[in-house]
Amino acid sequence: MIPPPSRRAVLRAGVLAAAAAALPTSASAAPVPAAARPDIGVSAELFPLGAVSLLPGPFQTNTIRTHAYLKFLDPDRLLHTFRLNVGLPSPATPCGGWESPATELRGHSTGHLLTALAQAYASTGDTAFKAKGEYLVAQLAICQDRARTAGFNTGYLAAFPESFIDRVEARQQVWAPYYTLHKIMAGLLDMHVLAGNAQALTVLTRMAAWVGWRNGRLGYAQRQAMLRTEFGGMNEVLANLYQLTGTQAHLTSAQYFDHAEIFDPLAANRDALDGYHANTQIPKAIGAIREYHATGSTRYRDIASNFFDIVVGAHSYAIGGNSNGEYFKAPGRIAAELSDSTCESCNSYNMLKLATQLFRTRPGEARYFDFYEKTLYNHLLGAQDPGSSHGHHSYFTPLRPGGIRTYSNDYHNFTCCHGTGMETNSGHSGRIYAHAGTTLWVNLFIAATLRWPGRGITVRQDTSFPETPGSRLTITGSGPIDLRVRVPAWAAGARILVNGAPHTPVTPGSYARINRTWASGDVVDISLPMVLHRESTMDNSAVQAVKHGPIVLAGAYGSTNLTSMPALQPATIRPAAGPLRYSATASTGPVTLMPFYQLHGQRYTVYWQVTEGTTGR
């Protein structure tokens, strides 16, 4: 989320179906509102958040930290600038960072918070999350009701004046007002869909009507010029609202945000991303796949699918993240783009949203969750500070030799990645499993129990993956299940046993199918052999990352701030004490290799110079 040049100091310092895909609903929470329109071209759905419970492991631990932060936050501090914007008093202490009263992006974190609270409530049924979300919605409604009194147009709701939108329309310098409005609108939608809050839909619908009026009075050329200013996922949230309500005006408004400058090359499967701000573009692709689900237009589907393939294939680092200094570079430039500002966390958060929507569209393709697994473990799992009880989050993940992670704080940061960090770590249970009829997909190897709504069937997954190379599924209850287990492309020699008997075929890079009537107590053992290997960068085969299966192993360098890339001697790599740990010798001397997601509080290198036995990707 890039600020304008005048805000660089800030940076340095510091829809039911759509909701089901990104933020599934809770079986135990408020009744789910019925969607007016089914999604077109969708063959699988994710389970409600409340149907899946995380078991002990790193994802449960990250979730606990984030839940503690959600309960800690003072909502009145986040409402402070909303109230001042419409002339209401606010005795609350202002927030700092990107939520300070002088920052043009103020208000975006309130949207992230609404989504995280809705997810936390849907996952746990804890009414403390719902109550805080409902308070925020009610107070935002009061601010929206004062729009005309404050000199704004009916339905407008933000923590900054409507003149910011005037500046977008006039092509004057302004940070990204529609980006912030998208976060608020998405949070309201999630509070309605996930927490059953009717007022949230009312406030959202009034905002959407304002968006439609504000953009509908403009010509096509002016709207296209406006789209050069970052606008987040406005097309996504409006398409989601159209699917939920069936109101045609919302689809019309969503299509106002179809950015031809980006969409036209993607429709032709042409990589024209060099020089574009990365996280400005990723939400546009998410909006495109949702517009496909709303309209059936295959052009939208192709835009989203081509974008995913281009970014994964030509713009992604070994950890799954992308961008340097927040921008896409020339295709294949990886070794030449290692810095302290690689891999913005928001980018990976949004790429995982896109992967999930593409999976819903083509659930037979294991590559979507192969990428999800790679990016989740190697980037986002390690982006949370394990030393913070509130789950503080990284903005960038430095990949230059000698890099070190830095994190947000409670009230004086509030970058975009702080916000998506709240969302990431309150929704981990939502994408492990998926279903269609009696078909069950197992997408991720995360310790979690599924209680299949309406079927009386429980599927418990016990695993300490990736520290152990496999997982066990135990079925309680009986009935037909067409089980599909993802066999990762990296898992050569994978085996699946059903009640001790081998199942075939098991083909890496696909979903293994076990279609049978299951009895209570049936067990599926999944063996996923992991081998030590190296991944070369596209632009320099001698620059490599070391991996154990899908897990990137980084060199731990303590307080040593490397000034150049170390040369690794692959023949010296030996297993060390502890899971996924190795010792090795580099040009710097002896070094420990360990999972990158576990490496905090010290400097590291992910990439090495390797001249002997160079390997391909």
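Hydrogens, waters and symmetry mates play no part in the numbers below; they use all other heavy atoms, side chains included.
Partners of Tyr368 by ring pair (Phe, Tyr, Trp, His ring centres under 6.0 Å), not counting sequence neighbours, listed by chain and number: Phe308. For Ser297, the side-chain contact (heavy atoms from CB on, under 4.5 Å) partners two or more places apart in sequence, or in a different chain, are Thr295, Arg299, Tyr300. Residues meeting the ring pair (Phe, Tyr, Trp, His ring centres under 6.0 Å) test with Tyr178, sequence neighbours left out: Phe257. Scored by the side chain to side chain donor-acceptor pair (under 3.5 Å) test, Thr66 finds Gln384 as partners (sequence neighbours excluded). Looking at residues two or more places apart in sequence or on another chain, you find a side-chain contact (heavy atoms from CB on, under 4.5 Å) between Arg451 and Ser53, Thr449, Thr458.
Heavy atoms of other residues, nucleotides or ligands lying less than 6.0 angstrom from CZ of Arg455 number more than 12.
If you take CG on Leu238 and CE on Met207, they are separated by 9.5 Å, rounding to the nearest 0.5 Å. Taken from CG in Asp274 to NE2 in His315, the straight-line distance is 7.5 Å, to the nearest 0.5 Å. Rounding to the nearest 0.5 angstrom, the gap separating the CG atom in Leu227 from the OH atom in Tyr256 is 12.5 Å. Once rounded to the nearest 0.5 Å, the distance linking CG of Asn269 with OG of Ser305 reads 8.0 Å. The OG1 atom of Thr420 sits 10.0 Å away from the NZ atom of Lys353 when rounded to the nearest 0.5 Å. Atom CG of Asp370 is separated from atom CG of Leu444 by 10.0 Å, given to the nearest 0.5 angstrom.
Residue Ala208 comes nearest to Ser253 through the heavy atom pair O-OG, 4.4 Å, listed as atom of the first residue, atom of the second, then distance. Shown here for Ala489 and Pro508, the closest heavy-atom pair between the two residues is O-CB, 3.8 Å. The shortest non-hydrogen separation linking Ala254 to Ala239 is CB-N, 3.7 Å. The heavy-atom pair separating Thr463 from Ile446 by the smallest distance is CG2-C, 3.7 Å. Ala36 and Gly246 get closest at one heavy-atom pair: CB-N, 3.6 Å. The minimum heavy-atom distance between Leu194 and Ala122, with the atom names listed, is O-CB, 4.0 Å.
In this structure a side-chain-to-backbone donor-acceptor pair under 3.5 Å is missing from Glu291 to Leu251. Remark: side-chain polar atoms of Gln544 are paired, donor with acceptor, to backbone N or O of Ser541 under 3.5 angstrom. When atom types are taken as modelled, the side chain of Asp539 and the backbone of Arg333 share no donor-acceptor pair closer than 3.5 angstrom. Checked by atom type and distance alone, the side chain of Gln60 pairs as donor or acceptor with a backbone atom of Leu54 at under 3.5 Å. A donor-acceptor pair is defined here as one N or O able to donate and one able to accept, closer than 3.5 Å; no such pair exists between the side chain of Gln357 and the backbone of Ile286. Between the side chain of Asp39 and the backbone N or O of Gly41, no donor-acceptor pair lies under 3.5 Å. Between the side chain of Ser520 and the backbone N or O of Thr476, no donor-acceptor pair lies under 3.5 Å. Judged by distance alone, the side chain of Ser426 and the main-chain N or O of Glu423 form a donor-acceptor pair under 3.5 Å. Counting only distance, with no hydrogens or angles, the side chain of Tyr607 and the backbone of Ala318 share a donor-acceptor pair below 3.5 Å. Between the side chain of Asn499 and the main chain of Val523, a donor-acceptor pair closer than 3.5 Å is present.
In this structure, Phe445 has its ring center no closer than 6.0 Å to that of Tyr377. For His182 and Phe231, the ring centers are positioned 6.0 Å apart or more.
Relative orientation of the His435 and Phe47 rings is tilted, given thresholds of 30° and 60° on the angle between their planes.
Every pair passing salt bridge (charged side-chain N to carboxylate O under 4.0 Å, His left out) that includes a residue from residues 505-516 is listed here, sequence neighbours excluded: Asp482-Arg513, Arg516-Asp522.
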Audit row: Arg290, Asn235, side chain to side chain contact (heavy atoms under 4.5 Å, CB included) steps and yes/no: CA-CA 8 Å; Arg290 291 301 296 143; Asn235 53 345; over 6 Å; no
Pair Ile282-Asn322, side chain to side chain contact (heavy atoms under 4.5 Å, CB included): steps then yes or no: CA-CA 11 Å; Ile282 304 170; Asn322 62 71; 4.2 Å; yes
Evaluation steps, side chain to side chain contact (heavy atoms under 4.5 Å, CB included), between Leu244 and His192: CA-CA 11 Å; Leu244 181 67; His192 175 65; 3.7 Å; yes
Test side chain to side chain donor-acceptor pair (under 3.5 Å) applied to Thr361 and His293, step by step: CA-CA 9 Å; Thr361 310; His293 294 151; 2.9 Å; yes
Chi angles and distances behind the side chain to side chain contact (heavy atoms under 4.5 Å, CB included) call for Arg301, Ile289: CA-CA 5 Å; Arg301 180 199 63 198; Ile289 192 64; 4.2 Å; yes
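Looking at Gln461 and Val442, their side chains come closer than 4.5 Å, going by heavy atoms from C-beta outward. Looking at heavy atoms from C-beta onward, Tyr327 lies out of side-chain contact with Glu337 at the 4.5 angstrom threshold. The side-chain heavy atoms of Leu532 and Leu553, taken from C-beta on, include a pair separated by under 4.5 Å. Trp518 has its side chain within reach of Val498: a pair of non-hydrogen atoms, C-beta onward, lies under 4.5 Å apart. Within the 4.5 Å cutoff, the side chain of Met191 has no heavy atoms near those of the Leu201 side chain. Counting heavy atoms from C-beta outward, Asn279 and Cys416 have side chains that stay 4.5 Å or more apart. The closest side-chain heavy-atom distance from Tyr597 to Ile551 is below 4.5 Å. In this structure, Val311 and Gln281 have side chains that are not in contact, with every pair of non-hydrogen atoms separated by 4.5 Å or more.
For the residue pair His250/Thr205, the side-chain donor-acceptor check at 3.5 Å is not satisfied. Side-chain contact of Ser348 with His379: a donor-acceptor pair under 3.5 Å is present, judged by distance alone. One side chain, Asn443 or Tyr511, offers a donor N or O that lies under 3.5 Å from an acceptor on the other. Side-chain contact of Asn215 with Arg223: a donor-acceptor pair under 3.5 Å is absent, judged by distance alone. No side-chain N or O of Asp190 forms a donor-acceptor pair with one of Gln119 less than 3.5 Å apart.
Put simply, the residue from Thr517, Thr438, Ile514, Leu440 that forms a side-chain contact (heavy atoms from CB on, under 4.5 Å) with Ile481 is Leu440.
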